[in-house]
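Comments concern the structure below.
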Amino acid sequence: MMLKFPSAINFLHFAVVPLACCAVLLKAKSKDRTQLANSIALLGSLLILLTIFFASSLLNNAGFINLFLSYLMWTEPFILILAIIAIPMTPKAFNRFRKWILGFAFFNVGFALIQKFLLKWDTCNCSPGGWGDGDAIKGVFINQGSGHVVSASVCASIGIYFYITAKDRPMWQRIIALLAGISNIIWSQANQVVVVMAGGFALLSLINMKDVLKALSYLVGITVFGLLFAWAIYNVPGLESFQTWIRPEIYGPDGEATQFKLSGIRIVIEHFHSPLNLWLGLGPGHTIDRLGGWMLRDFSDLLSPLGSTKSPVADEVWRFMGNSWLANGSSFFAPFFGWAAIWGDLGFLGLGAYLYVCWITWTRICPDDLSKYLILTVAIQGFIFTQMQEPGYMIFIASLIGLRWQELRQYSYKHFS
């Protein structure tokens with residue numbers, strides 16, 4: 001948008017990724033049984049989810065363009081993973097693919113640091129939006145409302161990935177990459193990313209716990225980290241923005257934050273017109289996802305002629321938000337968030353089918369803790385905002401998961417062939 005491309009460019013990736021996946025599935029001639037089995041299992045789960053989309057669309061008279069865009073917004077990362085794992089990569093092709101992924105990711109890290117320390121977009125009016133704050137540090141995701149969160153998430157993810165996997169690099173390089181990636185969370189004031197990254201680690205630790213004493217030791221460690229971090233936000237320069245969330249009175253059953261966060265779910269329920277809505281939702285793009293929340297409105301000149309349909313749910317949620325002082329606060333409290341959106345659009349059947357796709361990915365395509373950690377961070381993002389439908393973030397995470405699968409496959413071939 002910064003370069004004034006036509007609005008249709010925003011939808012180009014919805015064509016590129018599925019077509020690339022189809023080309024791979026038609027042309028790839030892998031003889032690896034594990035590779036074939038994983039690809040078939042993931043493809044099967046995606047087809048099951050597609051049937052739920054069709055059923056929900058028929059029940060709620062949703063436009064075909066709603067079905068098409070919504071399905072791709074939810075499944076594009078998995079389609080990309082399918083394309084990556086179905087390719088029988090040679091070592092040369094794998095190294096080239098890895099360099100492309102790392103190159104993009106570290107370019108984003110470097111550009112974010114340039115925006116902070118050279119361009120000073122957080123303190124001057126030279127940033128794309130005028131007078132900026134930490135939100136102006138967006139790396140390559142300029143002119144996106146939550147671009148600072150996306151950029152910080154990408155930076156932190158690549159820092160962690162590089163630190164764990166770059167065993168051929170000196171430790172000092174891996175540490176610098178890790179610190180450079182994580183530090184962008186502070187520069188961009190993307191406070192929620194701290195919750196996502198720390199929460200992912202805590203969940204992974206608990207999932208891997210088989211020893212009760214060890215589990216308790218991890219819980220103690222997490223508690224100590226929490227106490228130290230609480231001290232730091234009041235005493236360490238640069239962390240004071242985290243104080244925004246420390247208001248106990250807004251939480252609890254009747255707190256403003258709780259009511260604000262759950263308003264979308266409440267409004268969705270108010271619009272149920274059939275007992276089947278509980279199981280199949282109100283239709284693709286009809287509730288509180290990115291499509292229903294603002295894309296159908298922002299791109300109406302492009303989508304309306306294609307037969308897009310809307311419901312009043314999103315407008316009512318926006319009106320409710322306009323009456324709350326939290327509307328201009330952190331997206332941490334947003335009523336538009338991933339898990340609620342899947343349920344709102346597709347009901348419990350759709351939510352279950354989506355979780356099945358995630359389960360296939362977790363059990364078959366995430367062979368180590370790093371890949372599982374990335375999945376968990378995405379799951380936590382789903383409770384905060386609509387990052388589960390953010391292409392820049394999700395396509396990158398999908399690329400890392402696919403890259404890691406291929407990486408471990410290359411390693412096993414090298415050591416056991």
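By convention here, the first residue in the shown sequence is residue 1.
Residue Arg297 qualifies as enclosed at atom CZ: its count of foreign heavy atoms under 6.0 Å is above 12. Crowding of Phe201 atom CZ: a count of heavy atoms from other residues, nucleotides or ligands under 6.0 Å not exceeding 12. Heavy-atom contacts from other residues, nucleotides or ligands closer than 6.0 Å to OH of Tyr163 number 12 or fewer. Heavy atoms from other residues, nucleotides or ligands lying under 6.0 Å from CH2 of Trp279 number 12 at most.
Counting only residues at least two apart or in different chains, side-chain hydrogen bond (donor to acceptor under 3.5 Å, both in side chains) contacts with residues 102-120 comprise Asn108-Ser151, Lys116-Asp122. Among residues at least two apart or in separate chains, side-chain hydrogen bond (donor to acceptor under 3.5 Å, both in side chains) pairs with a member in residues 334-356 are Thr287-Asp345. Sorted by first and then second residue, the ring-ring contact (aromatic ring centres under 6.0 Å, His included) pairs involving residues 39-71 (not counting sequence neighbours) are Phe53-Tyr71. The stretch residues 315-339 participates, sequence neighbours left out, in no salt bridge (charged side-chain N to carboxylate O under 4.0 Å, His left out) pair at all.
Residues satisfying the side-chain hydrogen bond (donor to acceptor under 3.5 Å, both in side chains) test with Glu270, not counting sequence neighbours, are Arg266. For the salt bridge (charged side-chain N to carboxylate O under 4.0 Å, His left out) test, no residue two or more places apart in sequence or in another chain qualifies with Asp298. Evaluation of the side-chain hydrogen bond (donor to acceptor under 3.5 Å, both in side chains) rule for Thr309 yields Asn66, His286 as partners, not counting sequence neighbours. For the side-chain hydrogen bond (donor to acceptor under 3.5 Å, both in side chains) test, residues two or more places apart in sequence or in another chain that qualify with Thr386 are Arg290. When the ring-ring contact (aromatic ring centres under 6.0 Å, His included) test is applied to Phe260, no partner is found at least two apart in sequence or on another chain. Under the rule for a side-chain hydrogen bond (donor to acceptor under 3.5 Å, both in side chains), Asn184 has no partner lying at least two apart in sequence or in another chain. Under the salt bridge (charged side-chain N to carboxylate O under 4.0 Å, His left out) criterion, Arg174 pairs with no residue, sequence neighbours left out.
Looking at heavy atoms from C-beta onward, Ser45 lies in side-chain contact with Leu42 at the 4.5 angstrom threshold. Looking at heavy atoms from C-beta onward, Ile365 lies out of side-chain contact with Leu82 at the 4.5 angstrom threshold. Within the 4.5 Å cutoff, the side chain of Leu46 has heavy atoms near those of the Phe78 side chain. Contact check for Val195 versus Phe383: no side-chain heavy atoms found under the 4.5 Å cut-off. Looking at heavy atoms from C-beta onward, Ile164 lies out of side-chain contact with Asp369 at the 4.5 angstrom threshold. Phe337 places none of its side-chain heavy atoms less than 4.5 Å from the side chain of Gln381. Contact check for Val196 versus Ser153: no side-chain heavy atoms found under the 4.5 Å cut-off. The closest side-chain heavy-atom distance from Thr377 to Met197 is below 4.5 Å.
Formation of a donor-acceptor pair under 3.5 Å by the Ser371 side chain with backbone atoms of Pro367 is not found in this model. No donor-acceptor pair under 3.5 Å is formed between the side chain of Lys138 and the backbone N or O of Val150. Proximity of a side-chain donor or acceptor of Ser324 to a complementary backbone N or O of Met321 within less than 3.5 Å is not detected. Asn323 contributes no side-chain N or O that, together with a main-chain N or O of Phe320, makes up a donor-acceptor pair within less than 3.5 Å. A donor-acceptor pair under 3.5 Å links the side-chain atoms of Trp318 to the main chain of Gly293, judged by distance alone. A distance-only check finds a donor-acceptor pair linking the side chain of Thr258 to the backbone of Gly252 [under 3.5 Å]. In this structure, Gln35 contributes its side chain and Ile85 its backbone to a donor-acceptor pair below 3.5 Å. Between the side chain of Tyr393 and the backbone N or O of Gly147 there is no donor-acceptor pair closer than 3.5 Å. In this structure, Asn38 contributes its side chain and Arg364 its backbone to a donor-acceptor pair below 3.5 Å. With hydrogens and angles disregarded, no donor-acceptor distance shorter than 3.5 Å links the side chain of Lys310 to the backbone of Gly285.
With values rounded to the nearest 0.5 angstrom, Gln259 atom CD is found 12.5 Å from Ile250 atom CD1. The distance from the CZ atom of Arg409 to the OG1 atom of Thr34 is 9.0 Å, given to the nearest 0.5 Å. Here the CD1 atom belonging to Ile360 is positioned 11.5 Å from the SG atom belonging to Cys366, to the nearest 0.5 angstrom. Considering CG of Leu280 and CG of Leu346, their distance stands at 8.0 Å, rounded to 0.5 Å. Once rounded to the nearest 0.5 Å, the distance linking SG of Cys21 with CG of Leu43 reads 7.5 Å. Atom OG of residue Ser331 and atom NE2 of residue His148 lie 6.0 Å apart, to the nearest 0.5 angstrom.
Here the closest heavy-atom approach between residue Ser300 and residue Pro305 is recorded as O-CD, 3.7 Å. Nearest approach of Pro335 to Val317, heavy atoms of both residues: CG-CG1, 3.7 Å.
A donor-acceptor contact closer than 3.5 angstrom is absent between the side chains of Ser146 and Glu390.
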Using a 3.5 Å cut-off and no angle test, enumerate the donor-acceptor pairs between side-chain atoms of residues 396-407 and protein atoms at least two apart in sequence or in another chain.
{"residue": "Ser399", "atom": "OG", "partner": "Ile395", "partner atom": "O", "Å": "2.8"}
{"residue": "Arg404", "atom": "NE", "partner": "Asp368", "partner atom": "OD2", "Å": "2.7"}
{"residue": "Arg404", "atom": "NH1", "partner": "Glu407", "partner atom": "OE1", "Å": "3.0"}
{"residue": "Arg404", "atom": "NH2", "partner": "Asp368", "partner atom": "OD2", "Å": "3.0"}
{"residue": "Gln406", "atom": "NE2", "partner": "Ile84", "partner atom": "O", "Å": "2.7"}
{"residue": "Gln406", "atom": "NE2", "partner": "Ile87", "partner atom": "O", "Å": "2.8"}
{"residue": "Glu407", "atom": "OE1", "partner": "Tyr161", "partner atom": "OH", "Å": "2.8"}
{"residue": "Glu407", "atom": "OE2", "partner": "Arg98", "partner atom": "NE", "Å": "3.4"}

